[in-house]
Amino acid sequence: GLKGGFFDWTLSLDERVEALAKQATLAEQIDQLQNNVPAIVRLGISSYNWLNDDEHGVHQHHATSFPNGCALGAMWDKKVMYEVGQAVGQEARITYNNNVDRGNRGKGQNGAGITMYAPNMNLVRDPRWGRAQEVYSEDPTLSGYLTYYFVHGSQVGNESDPKYMQAAACCKHYAAYDVESNPIDRFHFSATVDSRNMWETYMPVFRSCVQSGQAAHVMCSYNAINGVPTCGDPKLLNGILRDQWKWPGFVVSDYDAWAQIYETHNYCPNMTCAAAVGLNAGMDQEGGGTRAINQLQAAIDSHMTSPEAVAMAFKRLFRVRLELGMHDPPTMVEWNYLTNDSIIEGKDHLALARDAARKAMTLYRNENKTLPLSKDIKKVAVIGLGASMGPLLLGNYAVPPDHGIPTILEGIQMALGEDPSKFKGQCSQWENNTDYFVSGEGGVSSWGPEDCCRLCGL
């Protein structure tokens, strides 16, 4: 029966995951240390896809797209940040519940689960960083506050269920990660960080996410710090997260970052060593592929790590699944009653997204009271190719929502009326040695301004 085992909801979380670990074989445990986990049929464990890039909205077409990270940071508004986190977590839970009801557990599908790879709370130390749009600010205190409220909102939701999480947030990317390709690519880069800079600049945001927000998981980054890859650093993972901050969650690597302990950082002479180094440091799940965990058995055979270390990672992962209510009777979990699909992209969430976008904007000057635009205006010049490119407004980690993406041009049209004679298509100033591409058609380029206008139908 269920009594005394993993499915006995009267036991503590630790007792339940311990019971499961005793039943699962070593091979079964290793197989669970990845994003796309298979079912363990004989133990009644369902498959699940942990990977969900829900940065500022669920990574699905049927989802509300909220402003990108830099805009959310520019709001300076803890209340709205909490509401955005709550809405994203709620839409993730509704999407997951309805998929499960249809027999789809999201195998291989990004955005179908309730473990969100959000928020991205790295700091902008250099404005030339290619991913500054994803994050909240350059300030540790502001980013820390906003991170806490997003995490709390997404996990706790409307606080209607004190036992289970609505969704599971992730603190990424840990740590000192703000280089994409200059002066060296992120897969090889080693950040030189002294102790004071580490604790005064980089760590406060993660402490806010991990200690205060109690996020369910942390993603270690591609880079190394002072020569040690973050995904293989025992001081950073087990030392700070678990020993110092007493955090019970699990650590996932950025896509293939566990394997890159060997492949790009050359911190190990082979993948077997990298598998052991990551696991011993505190890694629990390999994001992306499975090149590292595929070598865990060999690492155990070589006495570089142990079955107990695998079991610990296995238990941490299933602890979070239990906290999400995945393996308890469905009627016991309040969040399972979230199935109303009309909430997703509904009027309340769209209004919240609009409110967040408005709060992100600052008007420095309004000469001659130009704004708001009067409907009596006769002609409007909308300058720039981006005016009619909706996808540019989405930001990254997002897909176009079902309701479409009104462009800047269409927004002005809606504000002023539908008279097309007021609007003239845009042809930007031509610059030599610059490639111009048609939106959505990566292989289409134009040779000059006239051809650009012809291709764009202007």
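Note that the numbering runs from 1 along the sequence shown for the chain. Please read these numbers as outputs of a predicted model, since none were measured by experiment.
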Open item on the list: Determine whether His173 and Cys220 satisfy the following criterion, side-chain contact (heavy atoms from CB on, under 4.5 Å), listing intermediate values before the conclusion.
Closed with: CA-CA 5 Å; His173 308 82; Cys220 57; over 6 Å; no
Open item on the list: Assess the residue pair Glu28 and Arg42 against the criterion (side-chain contact (heavy atoms from CB on, under 4.5 Å)); give the C-alpha distance rounded to whole Å, side-chain angles, the decisive distance to 0.1 Å, and a yes or no.
Closed with: CA-CA 11 Å; Glu28 288 170 333; Arg42 70 180 189 88; 2.9 Å; yes
Could you check whether any side-chain heavy atom of [X] comes within less than 4.5 Å of a side-chain heavy atom of [Y], counting everything from C-beta outward?
X      : Y      : answer
Tyr255 : Tyr222 : yes
Trp245 : Met203 : yes
Met121 : Ser208 : no
Asp178 : Leu123 : no
Trp129 : Val135 : yes
His217 : Lys172 : no
His61  : Pro400 : yes
Val17  : Phe314 : no

Could you check whether any side-chain N or O of [X] sits under 3.5 Å from a backbone N or O of [Y], counting only pairs where one atom can act as donor and the other as acceptor?
X      : Y      : answer
Asn238 : Ile240 : no
Glu410 : Thr407 : yes
Asp77  : Val80  : yes
Asp256 : Gly289 : yes
His265 : Phe187 : yes
Gln285 : Val251 : no
Glu345 : Ser342 : no
Asp328 : Leu322 : no
Glu55  : Ala118 : no
Asn35  : Asn52  : no

TODO: Take Leu146 and Leu72 through the side-chain contact (heavy atoms from CB on, under 4.5 Å) test and state the conclusion after the steps.
DONE: CA-CA 8 Å; Leu146 296 178; Leu72 294 175; over 6 Å; no
Please find out if less than 6.0 Å separates the ring center of [X] from that of [Y].
X      : Y      : value
Tyr202 : Phe206 : no
Trp50  : Tyr48  : yes
His59  : Tyr397 : no
Phe6   : His327 : yes

To the nearest 0.5 Å, tell me how far [X] [atom1] sits from [Y] [atom2].
X      : Y      : atom1 : atom2 : result
Ile114 : Asn99  : CD1   : CG    : 11.0 Å
Cys209 : His152 : SG    : NE2   : 13.0 Å
Gln90  : Ile344 : CD    : CD1   : 8.5 Å
Asn223 : Ile184 : CG    : CD1   : 11.5 Å
Glu15  : Leu20  : CD    : CG    : 14.0 Å
Arg16  : Arg321 : CZ    : CZ    : 12.0 Å

Looking at every heavy atom in both [X] and [Y], which two are closest together, and how far apart are they?
X      : Y      : value
Thr272 : Gln295 : OG1-OE1, 3.1 Å
Lys235 : Asp233 : N-OD1, 3.0 Å
Ala63  : Pro401 : O-CB, 3.4 Å
Leu142 : Gly73  : CD2-O, 4.0 Å
Leu317 : Leu33  : CD1-CD2, 3.6 Å
Gly232 : Ala281 : C-CB, 3.5 Å

Answer with yes or no whether the side chains of [Y] and [X] bring together a donor and an acceptor at under 3.5 Å.
X      : Y      : answer
Asn396 : Glu134 : yes
Tyr177 : Arg125 : no
His62  : Asp341 : yes
Arg93  : Asn336 : yes
Ser143 : Ser137 : yes
Ser221 : Asp254 : no
Arg207 : Thr147 : no

Task: Any residue meeting salt bridge (Lys or Arg N to Asp or Glu O under 4.0 Å) with Glu334, in chain and number order, not counting sequence neighbours - done: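 Glu334 satisfies salt bridge (Lys or Arg N to Asp or Glu O under 4.0 Å) with no other residue.
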- [ ] Could you tell me which residues satisfy salt bridge (Lys or Arg N to Asp or Glu O under 4.0 Å) with Glu200, sequence neighbours excluded, listed by chain and number?
- [x]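 By the salt bridge (Lys or Arg N to Asp or Glu O under 4.0 Å) rule, Glu200 matches Arg196.
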Can you tell me if [atom1] on [X] sees more than 12 non-hydrogen neighbours from other groups inside 6.0 Å?
X      : atom1 : answer
Tyr145 : OH    : no
Met312 : CE    : no
Trp9   : CH2   : no

Task: Asp14 with Arg319: basic N within carboxylate O range, under 4.0 Å - done: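 A salt bridge is present here (some side-chain N lies under 4.0 Å from a carboxylate O).
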- [ ] Using the side-chain contact (heavy atoms from CB on, under 4.5 Å) rule, take Tyr96 and Met326 through it: C-alpha gap first, then chi angles, then the decisive distance, then the call.
- [x] CA-CA 11 Å; Tyr96 171 77; Met326 288 185 180; 3.8 Å; yes
- [ ] Check the pair Arg291, Asn294 against side chain to side chain donor-acceptor pair (under 3.5 Å), reporting the backbone distance first and the verdict last.
- [x] CA-CA 5 Å; Arg291 298 193 297 279; Asn294 286 347; over 6 Å; no
- [ ] Evaluate the criterion side chain to side chain donor-acceptor pair (under 3.5 Å) for residue pair Asn280 and Thr305; output intermediate values, then yes/no.
- [x] CA-CA 7 Å; Asn280 294 339; Thr305 190; 2.7 Å; yes
Open item on the list: With side chain to side chain donor-acceptor pair (under 3.5 Å) as the criterion, how do His349 and Glu91 come out once you've worked through the C-alpha distance, each side chain's angles and the decisive distance to 0.1 Å?
Closed with: CA-CA 10 Å; His349 286 186; Glu91 292 196 5; 2.7 Å; yes
